[in-house]
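Have a look at the structure below, then the notes.
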Amino acid sequence: MSNIKVLVTGRMPEAGLTELRKNFAVTRKPEKEGRAWVLAHLSEYEGLILMGTQADRELIDAGTNLKIISASGVGYDKIDIDYAKQKGIVVANCPKSVLIPTAEMTFALILATMRRLHFYDKTIRTDKWVDVSKPENMGTGLQGKTLGIYGMGRIGSEVAKYAQVFGMKVIYHNRHQLSSQEEAKKNVHYVDFATLVKTADVITLHAPATPSTTGVFDAQVFKQMKKTAYIINVARGKLIKQNDLIAALQNGDIAGAGLDVYETEPEVPQALCELDNVILSPHAGSGTLSARTNIAAEASQNLISYLRDHKPLNQVNK
């Protein structure tokens, strides 16, 4: 073990930190402590695996010896990557380990939302039987429907594969269109944003939160969607204007939503909780033991590769 010290700010399976401990002196932030503890002690560490706190300028300035920050997932919007770059700090993420579990959660929400599992479950638990011969109690099947993917990266591409198994047509909108060869291989079709919104029977979100994507799904967009359409968000809560979504669901502008992330996270508006056409999940896209272990191992490898071998992996602030 070297004299290099690494701090882990959140709860991670110990099995995923084995290689990290073999190479460095690893400290876990005490669970009872918060951001103030991190700020007070960060100067002692050269590596940081970030969970549950914001790596803003204040925190980065506190890391006077910091050389690398690894996000504990694919998203890094909680890290000021440009300021970190100014300070000579590498920022890395973990794109591989979140791929399959997040795609799985996406499709779980698609099925649960479109087939109205929350409504059925809640009603039966109150000792009432649901008469599904009534149209108002029926769900929506997937076969033959169009899935619109907003953000055709690794996760979006995996979701497309799942959708096609269920007999769905897949269209997508992305910052950059895929090559014709990639589109043919994935059996997907590029459309502009307006066409995606108007055409899709269900839209899934897989884009990062950036100035250009924040609040892109607002009241105007929901009114352009089919009244029978659904929206699924496993990406970032900021992509959707939450109050606009609530109004759209209440007014019947869209049929339903499946949400794993929220604009006001971890606070969830009571209005969302009261709706029968919404499935709610607590940012649990990677919430399996195997996924969290793999994330810890991938984040560890980011630190090992850079601090030991001087080779940055998964760097997002080049």
- Message: Let's go through Glu31 and Arg11 carefully: what are the C-alpha distance in whole Å and the side-chain angles of both, what is the deciding distance for salt bridge (Lys or Arg N to Asp or Glu O under 4.0 Å) to 0.1 Å, and is it a yes or a no?
- Response: CA-CA 8 Å; Glu31 288 194 23; Arg11 185 180 297 173; 2.6 Å; yes
Expected output: side-chain [X] to main-chain [Y] donor-acceptor under 3.5 Å:
X	Y	result
Arg292	Ser286	yes
Tyr172	Gln177	no
Ser305	Lys311	yes
Thr199	Thr195	yes
Thr213	Thr210	yes
Asn93	Gly75	no
Asp80	Asp56	no
Asp244	Asp218	no
Asn251	Asp253	no

Would you check if there is a donor-acceptor pair between the side chains of [Y] and [X] at a distance under 3.5 Å?
X	Y	result
Asn302	Ser70	yes
Ser180	Glu183	no
Thr27	Lys5	no
Glu298	Ser97	yes
Ser290	Thr293	no
His206	Thr204	yes

Roughly how far apart are [X] [atom1] and [Y] [atom2], rounded to 0.5 Å?
X	Y	atom1	atom2	result
Ile149	Glu158	CD1	CD	10.5 Å
Thr106	Leu205	OG1	CG	9.5 Å
Asp131	Thr123	CG	OG1	12.0 Å
Asn233	Tyr262	CG	OH	9.5 Å
Glu274	Gln250	CD	CD	8.5 Å
Leu259	Ile279	CG	CD1	9.5 Å

- His41 vs Leu7, side-chain contact (heavy atoms from CB on, under 4.5 Å): CA-CA, chis, key distance, verdict: CA-CA 9 Å; His41 293 84; Leu7 177 64; 5.8 Å; no
Please name the pair of heavy atoms, one in [X] and one in [Y], separated by the smallest distance, quoted to 0.1 Å.
X	Y	answer
Pro101	Ala291	CG-CB, 3.6 Å
Gln164	Lys186	NE2-O, 2.9 Å
Pro269	Gln242	CG-NE2, 3.1 Å
Tyr120	Gly139	OH-N, 3.5 Å
Asn317	Val91	OD1-N, 3.0 Å
Ala160	Val188	CB-CG1, 4.1 Å

- Passing candidate, side chain to side chain contact (heavy atoms under 4.5 Å, CB included) with Val234, options Val98, Leu109, Val261: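 Only one of Val98, Leu109, Val261 forms a side chain to side chain contact (heavy atoms under 4.5 Å, CB included) with Val234, namely Leu109.
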- Query: Could you walk me through whether Arg28 and Glu14 pass the salt bridge (Lys or Arg N to Asp or Glu O under 4.0 Å) check?
  - Reply: CA-CA 10 Å; Arg28 288 177 179 265; Glu14 188 60 37; 3.0 Å; yes
Are more than 12 heavy atoms, taken from residues, nucleotides or ligands other than [X], located less than 6.0 Å from that residue's [atom1] atom?
X	atom1	result
Lys145	NZ	yes
Lys96	NZ	no
Lys29	NZ	yes
Arg115	CZ	no
Arg175	CZ	no
Lys169	NZ	no
Gln220	CD	no

- Task: Would you please test Phe193 and Phe217 for ring-ring contact (aromatic ring centres under 6.0 Å, His included) and show each step?
- Result: CA-CA 11 Å; Phe193 183 70; Phe217 286 87; 5.5 Å; yes
So, do [X] and [Y] sit near enough that their side-chain heavy atoms are less than 4.5 Å apart?
X	Y	answer
Leu50	Thr53	yes
Phe119	Asn137	yes
Leu272	Ile246	yes
Arg35	Leu59	yes
Glu44	Asn65	no
Ile49	Ser300	yes
Asp201	Lys226	yes
Leu20	Asn23	no

- Would you sort out whether Lys87 and Asp61 count as a salt bridge (Lys or Arg N to Asp or Glu O under 4.0 Å), showing the intermediate values? CA-CA 8 Å; Lys87 293 289 187 174; Asp61 284 339; 3.5 Å; yes
- Item | side-chain contact (heavy atoms from CB on, under 4.5 Å) assessment of Ile89 paired with Tyr83 | CA-CA 9 Å; Ile89 299 170; Tyr83 190 62; over 6 Å; no
- Going by an N to O cut-off under 4.0 Å, is there a salt bridge joining Lys22 and Glu19? yes
- Ion pair check, Asp82 and Arg57, cut-off under 4.0 Å: no
- Going through the checks in order, is the side-chain contact (heavy atoms from CB on, under 4.5 Å) test met by Thr140 and Thr228? CA-CA 9 Å; Thr140 301; Thr228 54; over 6 Å; no
- On the 0 to 90° scale, with breaks at 30° and 60°, tag the Tyr162-Phe107 ring pair as parallel, tilted or perpendicular.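 Judged by the thresholds at 30° and 60°, the geometry between Tyr162 and Phe107 is perpendicular.
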- Task: Would you check if the distance from the ring center of Tyr190 to the ring center of His173 is below 6.0 Å?
- Result: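 That pair passes the under 6.0 Å test.
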- Message: Would Leu48 and Val6 count as a side-chain contact (heavy atoms from CB on, under 4.5 Å) here? Give the steps.
- Response: CA-CA 6 Å; Leu48 173 66; Val6 169; over 6 Å; no
